[in-house]
Structures are given as C-alpha cells and as structure tokens.
2 protein chains.
Amino acid sequence: MTTIYDIAQLSGISKSTVSRVVSGNGYVSEAKRKRILKAMHDLDYVPNQTAKNLRRQHSNTLGFLVSDYFPLVGEFMNVFVQAAHAKGYNVNLYFTQNKQGEREALDLLATKMLDGIFLMTRINSWSVIESYQAFGPIATWHRVNLPDIYSAYLDHYPVYTMILNRLLAHGYTHIGHVFSSNRDANTQARVRALQDFGHANPGLKLSWQKHFTHQTQAGQNAAKAWLQERIPPQAVICYSDHVAAEFIATLREGGKRVPQDCLVIGTDNSQVAKLVGFPTVDLCFRQQAQNSFNYLFNQLRNAELPVQSLHPKWVDWGPFPQVKN
Amino acid sequence: MTTIYDIAQLSGISKSTVSRVVSGNGYVSEAKRKRILKAMHDLDYVPNQTAKNLRRQHSNTLGFLVSDYFPLVGEFMNVFVQAAHAKGYNVNLYFTQNKQGEREALDLLATKMLDGIFLMTRINSWSVIESYQAFGPIATWHRVNLPDIYSAYLDHYPVYTMILNRLLAHGYTHIGHVFSSNRDANTQARVRALQDFGHANPGLKLSWQKHFTHQTQAGQNAAKAWLQERIPPQAVICYSDHVAAEFIATLREGGKRVPQDCLVIGTDNSQVAKLVGFPTVDLCFRQQAQNSFNYLFNQLRNAELPVQSLHPKWVDWGPFPQVKN
DNA sequence: TTGAAAGCGCTAACAG
DNA sequence: CTGTTAGCGCTTTCAA
C-alpha cells in the first residue's frame with residue numbers, strides 16, 4: 001500500500017507538502033503540485049481514511065441503528081443514506097439485537113468512529129441513550145421529548161382522529177384497531193385519540209383492539225382474530241402498511257373480500273400500500289429521514305439545513321367505499 | 001474522551017499493560033488487572049476503534065455497495081448484516097450512484113478501511129472491479145465468471161425452463177416476458193432458455209417481451225403495454241417480485257382480474273409476493289446473502305464457513321390456475 | 001509479568 | 001510557499 005511518505009520519497013518533496021495537495025489545504029506551488037500529482041498517479045496512491053480519521057478526530061460517518069429489520073427500514077434508510085452521501089457522509093448500519101449491542105454501537109460516538117447517530121428503533125432506556133449525546137448528536141425516529149435528542153416524529157393523535165372521522169363519514173360504526181407496543185408514545189397518542197373520539201361519538205363500537213410488539217406476523221395474527229369474530233369490525237386501522245398488507249392477505253386467504261367485507265387502512269404510504277392497493281396515510285417518513293439527517297448535519301457542521309414540518313395526508317391506493325348496511 | 005494513557009496515569013501502570021487488559025492479549029497479573037479494570041470503569045473508558053484499526057491495518061468492517069435502492073436490497077441486506085454481526089463484522093452501506101462513487105468505495109479496500117466488499121449491483125466494468133481484488137476479497141450478487149470474485153449467483157436458465165414447462169402443463173400457450181437489462185448474464189440465460197423452449201415447442205406464442213434497465217416503474221410500464229394489446233398474453237413472467245407486484249397492481253387498476261385475465265409470476269420469493277399473493281420462485285436470495293458473507297469471511301480469516309448450493313423452488317403465494325379456453 | 005519505545009498514515013502548528 | 005516536528009490512540013516487539 002502506498003502512503004504519503006512513498007510519494008514524498010519519489011517526488012523528493014516533503015510529506016507535509018504532499019499532505020497539502022492530497023487534502024487540498026494550504027498553498028503549494030504549481031510546479032511541486034504537478035510533480036506530486038504525477039507521483040500519486042504513478043504509485044496509485046489512495047489516502048488512508050483511517051489515519052485521517054484518527055488525526056482529525058472524526059470520521060464523516062454516521063451510524064444508523066435499528067434493533068430489527070422491518071420493511072419500512074429499507075425505504076427509510078434509502079432516503080437517509082442518499083441525503084448523507086450528498087453531503088459527504090457515509091453511513092454504517094447496525095442491527096442492534098440487544099442492549100449490549102446497542103451500547104457498543106453508541107460507544108463508537110465517544111471516539112468519533114461515528115460522528116452522529118440515527119436511531120430508527122431503540123432498545124436501551126432513553127436515559128442511557130441520552131447520556132451518549134455528550135459525544136455527538138443523536139436523532140431518532142421515535143416520538144420522544146428529550147431536550148438533546150432530535151425526534152423526527154409526527155404526532156399521531158390528530159392523524160388518528162382524521163382517520164376515524166373519515167371512517168365515520170363513510171358510515172363505519174364498528175371499527176377495529178391494530179396497535180403497536182404501548183410503550184411507544186405515538187401508540188399512546190393513537191389510543192388517546194380513540195378514547196376521545198369514542199366519548200365524542202357514543203354508540204360506536206371501537207373496542208376491537210390488538211397490540212403487537214413486533215411487526216413480524218402482527219397482521220397475520222390480528223387477521224386470524226378477526227376471522228374468529230362472529231361480528232367482526234367493518235374496518236380495521238393498522239399501525240403500519242406492512243401490517244395492513246399482511247392483514248389483508250390473511251383475510252383473503254380466509255375467503256374474505258377486501259374492502260367489501262372489511263376495509264383495511266394502513267399508515268405509512270410505503271411501496272406495499274400501492275402494490276396491494278389500500279388506503280393509507282402518508283406520515284411523511286421520507287421527509288422524516290431527510291430531516292433527521294439534516295439535524296445531524298446541522299449539529300455537526302453548525303449549518304442551517306432546513307428541518308421541515310410534516311403534513312400527513314390521505315393516499316388512496318385502493319378504494320374507500322361507503323359502508324352498506 | 002479518556003484514553004489508554006489516562007487510565008495508565010490513574011492506575012499508575014504503564015500504557016502497554018493497560019493495552020494488554022483492554023485487548024485481552026498477553027499476561028497481566030491479577031492484581032494489576034483489577035486496578036486497571038477499576039480505573040477503566042471509573043473513567044468510563046471506551047477503546048478507540050479508529051486507532052486500533054490504524055494500528056492493526058484492518059477494520060472488521062465490510063462494505064455493502066448498491067448503485068440504487070430497490071426493494072430486495074433491504075431484505076438481502078438484512079440477512080447479510082445479521083450474518084456479519086454474528087461474526088463480529090460491521091457493515092458500511094454505500095449507494096454508489098456513479099462510477100466515481102463506486103471507485104471511491106472500492107478504494108477503501110486499499111487501506112483496509114474496508115476489509116472486504118459485497119457488490120449487490122455494480123457500475124464500473126468488471127475489469128476495473130477485478131483490479132481491486134488485490135486489496136481484499138470481493139463478492140457479488142451478479143452472475144459473473146471471474147476467478148477472483150465470488151458470485152452468489154444461481155443459473156436462471158433451468159429456472160426459466162422450469163417456469164415455462166409448468167405454464168405449458170397448465171395449458172398456457174401465449175406467454176409474455178418482462179426481462180431485466182440484457183447486460184445481465186442471467187437475463188441472457190433466461191432469454192436463451194426461452195429460445196430453446198420455443199424451438200422445442202413450436203406453435204407457442206412467446207414473442208411478447210419487454211426489457212427494462214431499472215426496476216422503477218418497470219412493472220407499471222410493462223402492464224400498460226399489456227393493456228394496449230388486442231390479444232395480450234395469458235401469463236407474464238416478471239424478473240422480480242416487485243416488478244410482478246407492480247404489474248398486477250397496474251392491471252387491476254386497468255380493470256383486469258389477476259390471475260383470471262392474466263397469470264403473473266414473480267421470481268424472488270420476497271415479502272411482497274406473499275402480501276400481494278402470486279406464484280413466485282424462491283431463488284434463494286437469503287442463502288445467497290449468507291453465502292456471500294461466508295465467502296468473504298473465509299477469505300479474510302482463512303476459515304471454512306459453508307458456502308451452500310442453491311435449490312430454487314416454487315412458492316405459490318397465489319393461485320396457479322389451469323388456463324380455460 | 002512488565003515497561004520503554006517505535007510506529008500505523010496522516011495533519012497542523014510553527015518556523016523559516 | 002515549504003520542511004520539521006509533534007502527535008492522534010493503540011499494539012507489539014524487545015529487553016528487563
């Protein structure tokens with residue numbers, strides 16, 4: 001492997017001058033620059049990023065942590081990584097299966113092996129995560145109210161209310177719900193929205209509610225429960241598009257028609273909603289990914305990239321029929 | 001940030017001894033080890049990976065390069081990253097939008113910023129990619145026959161023949177094809193399989209063929225073309241599940257029934273096939289991801305992790321009806 | 001079993 | 001404009 005020293009030797013110029021042309025900092029005479037460039041070319045010189053990182057005490061690398069893969073991760077990551085690359089940042093991916101693994105990844109912040117971290121999904125408590133913030137900026141997808149951690153969240157309370165109102169306007173009076181873990185602040189917001197809606201509209205049947213901690217098979221299990229009911233809900237709101245898609249697939253396997261027998265609604269506007277064809281709400285995850293990167297970048301470089309507000313909206317990839325009684 | 005030096009100071013023991021307990025190499029007396037451990041704990045010591053990497057001339061990090069995101073990337077990467085983590089490797093993700101970007105990522109091999117590379121999708125010619133192999137192992141998803149680059153490929157010729165035969169057995173005589181770029185060796189294999197099949201079975205209509213370089217909207221555009229036909233194919237084989245799903249969605253939007261009006265077949269066995277519900281062929285991408293990592297690991301560590309052979313098989317997530325005339 | 005010392009490849013004062 | 005010098009934090013001989 002050829003180093004800065006080799007090219008200094010070959011060109012008969014000092015290491016530091018070579019460094020100047022490699023890094024582009026400082027003045028170098030045209031003559032010497034030419035000779036150095038030639039030597040670099042002749043020797044196939046490639047700068048050693050690791051040495052550079054050690055010296056500069058940062059890596060131009062961001063960590064993207066998820067505890068588990070689920071379909072939206074790929075789509076989200078895609079936006080995040082593109083944004084990062086556009087600004088010269090690399091991203092390191094970590095599937096943190098447990099507390100220990102998550103801490104190890106977080107530890108990398110302390111030595112600037114990672115300059116900043118995006119947490120799509122967390123395992124450790126916020127208090128331990130927060131303690132790492134001293135070493136570098138942290139952004140998260142989760143809804144959380146911490147002074148030093150940026151959260152790309154969108155409040156699900158009004159979104160859920162919006163969904164319920166539309167359902168009501170279309171004549172639905174028996175509505176089921178598939179929620180994520182109650183630990184999640186936005187799940188709590190949804191549940192609250194549901195309660196308030198129930199009080200405001202007495203007489204509706206809203207009690208069919210399922211909670212799932214993991215996306216794996218949540219849709220399938222919820223649909224199986226639906227199929228068992230003597231009088232199942234006319235519509236079911238799922239906490240993610242993937243769950244909705246799986247719910248629909250399982251219902252159809254069970255011989256039911258969607259949306260005729262049950263209208264299923266997702267909340268992501270991910271690719272699968274379009275493919276399977278059901279109504280969903282765009283929760284702006286693409287903008288959230290961009291915002292998260294922008295926040296991290298702004299912290300790191302003292303910049304002012306825009307962090308835009310989010311405007312959820314309906315995306316009807318499938319029919320939203322009036323209920324027939 | 002506390003370093004090995006700080007804890008040497010605090011405990012009154014030399015740097016090198018501290019290093020021994022941190023890295024776990026070499027003998028250290030129990031007494032000193034205890035004191036050092038205590039100091040490490042008191043000072044919240046976190047080893048500096050960058051310094052370690054510079055010194056050891058490797059990073060325990062693999063590069064995962066893709067030119068563009070497409071849905072299978074997420075699922076594939078999931079398996080690859082999990083496999084890597086299980087063996088103590090991290091993975092760095094690169095979306096290499098152009099030749100330049102791909103080379104920059106490949107360059108990282110030279111300095112062991114990256115110990116090995118997996119190429120899901122490439123941009124530069126194989127000859128330039130091959131030249132990097134001197135710096136570290138390279139594996140790829142593409143089908144390519146290069147002595148020094150591992151390719152996780154599965155031969156699509158027999159797979160395509162298998163699909164055609166099943167279609168024929170079910171009475172299909174007019175079969176359409178959505179292919180990827182002809183540059184791809186496995187696309188060429190599919191086309192050859194089709195030609196040979198046509199010769200062996202004269203009288204079939206097999207000429208409806210579309211080629212797409214990118215997955216984005218391939219399914220949609222192909223379906224639009226299908227909808228224009230006076231006598232469209234009874235079945236269409238798509239080169240990926242995502243393309244198949246989009247094809248189906250567009251057909252349905254156009255008022256057609258699937259599979260009644262057109263049987264659509266995918267080839268991935270990705271999540272979307274299950275969700276949308278259509279027949280697909282498992283091309284074992286999960287095993288391919290595992291194999292790719294295992295190959296890289298074997299090269300790097302002179303190990304013998306199994307690189308297993310691939311056995312494609314039908315997965316009917318949706319009906320495969322007999323054709324009715 | 002331990003410490004001193006050299007050095008991985010690069011950058012950035014500093015002095016000239 | 002350029003060279004000398006001193007490290008970044010860690011590992012690893014080598015000698016004690």
Side-chain angles (χ1 to χ4, degrees), chain A residues 1-37 39-40 43-61 104 107-115 135-136, chain B residues 1-37 39-40 43-61 104 107-115 135-136:
Chain A
M1 196 200 43
T2 105
T3 75
I4 216 175
Y5 179 78
D6 300 321
I7 93 128
Q9 289 284 299
L10 182 70
S11 60
I13 301 172
S14 81
K15 254 166 28 121
S16 18
T17 306
V18 174
S19 170
R20 286 189 187 96
V21 358
V22 171
S23 65
N25 300 134
Y27 301 105
V28 178
S29 69
E30 256 328 292
K32 292 207 173 180
R33 173 185 306 277
K34 279 242 170 63
R35 275 163 60 200
I36 290 172
L37 251 15
M40 280 168 55
L43 265 43
D44 273 332
Y45 172 72
V46 174
N48 185 316
Q49 263 303 130
T50 305
K52 203 178 280 192
N53 292 347
L54 177 59
R55 179 61 228 234
R56 313 184 76 158
Q57 302 282 19
H58 68 249
S59 58
N60 265 242
T61 301
E104 279 169 13
D107 273 340
L108 267 18
L109 260 191
T111 59
K112 294 289 168 257
M113 174 90 178
L114 256 26
D115 291 349
F135 302 113
Chain B
M1 194 201 40
T2 107
T3 75
I4 217 176
Y5 179 77
D6 300 320
I7 93 132
Q9 289 285 299
L10 182 68
S11 60
I13 302 172
S14 81
K15 251 166 32 121
S16 11
T17 305
V18 174
S19 171
R20 287 188 189 98
V21 357
V22 171
S23 65
N25 301 134
Y27 301 104
V28 177
S29 67
E30 258 326 292
K32 291 207 172 177
R33 173 185 306 277
K34 280 241 169 66
R35 274 164 60 201
I36 290 173
L37 252 15
M40 281 168 56
L43 265 44
D44 273 331
Y45 172 71
V46 174
N48 186 316
Q49 264 302 132
T50 306
K52 203 179 280 191
N53 292 348
L54 176 60
R55 178 62 227 240
R56 314 183 77 156
Q57 302 282 18
H58 69 250
S59 58
N60 266 244
T61 301
E104 280 169 13
D107 273 340
L108 266 17
L109 261 190
T111 59
K112 294 290 170 258
M113 174 89 176
L114 255 27
D115 292 348
F135 302 113

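Labels below follow one simple rule: chain letters A, B, ... track the order of the sequence lines, proteins then strands, and each chain is numbered from 1. Being a predicted model, the structure only gives us computed values, none of them experimental.
Shown here for B:Val22 and B:Met40, the closest heavy-atom pair between the two residues is CG2-SD, 4.0 Å. The shortest non-hydrogen separation linking A:Gly136 to A:Leu109 is O-CD1, 3.8 Å.
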CA sep, side-chain torsions, deciding dist, call: B:Met1, A:Thr111, side-chain contact (heavy atoms from CB on, under 4.5 Å): CA-CA 7 Å; B:Met1 194 201 40; A:Thr111 59; 3.9 Å; yes
Nucleic acid footprint by protein, nucleotides 2-9 of chain C - heavy-atom cut-off 4.0 Å, B for base, S for sugar-phosphate alone: BBB-BBBB
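Put simply, CE on A:Met113 is 15 Å from P on D:dG9, counting in whole angstrom units. A:Glu30 places its CD atom 10 Å from the P atom of D:dC1, with the value rounded to the nearest Å. Rounded to whole Å, the distance from NE2 on B:His58 to C1' on D:dT12 is 14 Å.
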Show me the donor-acceptor pairs, under 3.5 Å and distance only, between side chains in residues 47-54 of chain A and residues at least two apart or in other chains.
residue, atom, partner, partner atom, Å
A:Asn48, OD1, A:Thr50, N, 2.8
A:Asn48, OD1, A:Ala51, N, 3.0
A:Gln49, NE2, A:Asn53, OD1, 3.1
A:Asn53, ND2, A:Gln49, O, 3.4

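Considering B:Leu10, B:Ile4, B:Val21 in turn, B:Val21 is the only one that fulfils the side chain to side chain contact (heavy atoms under 4.5 Å, CB included) rule with B:Ile36.
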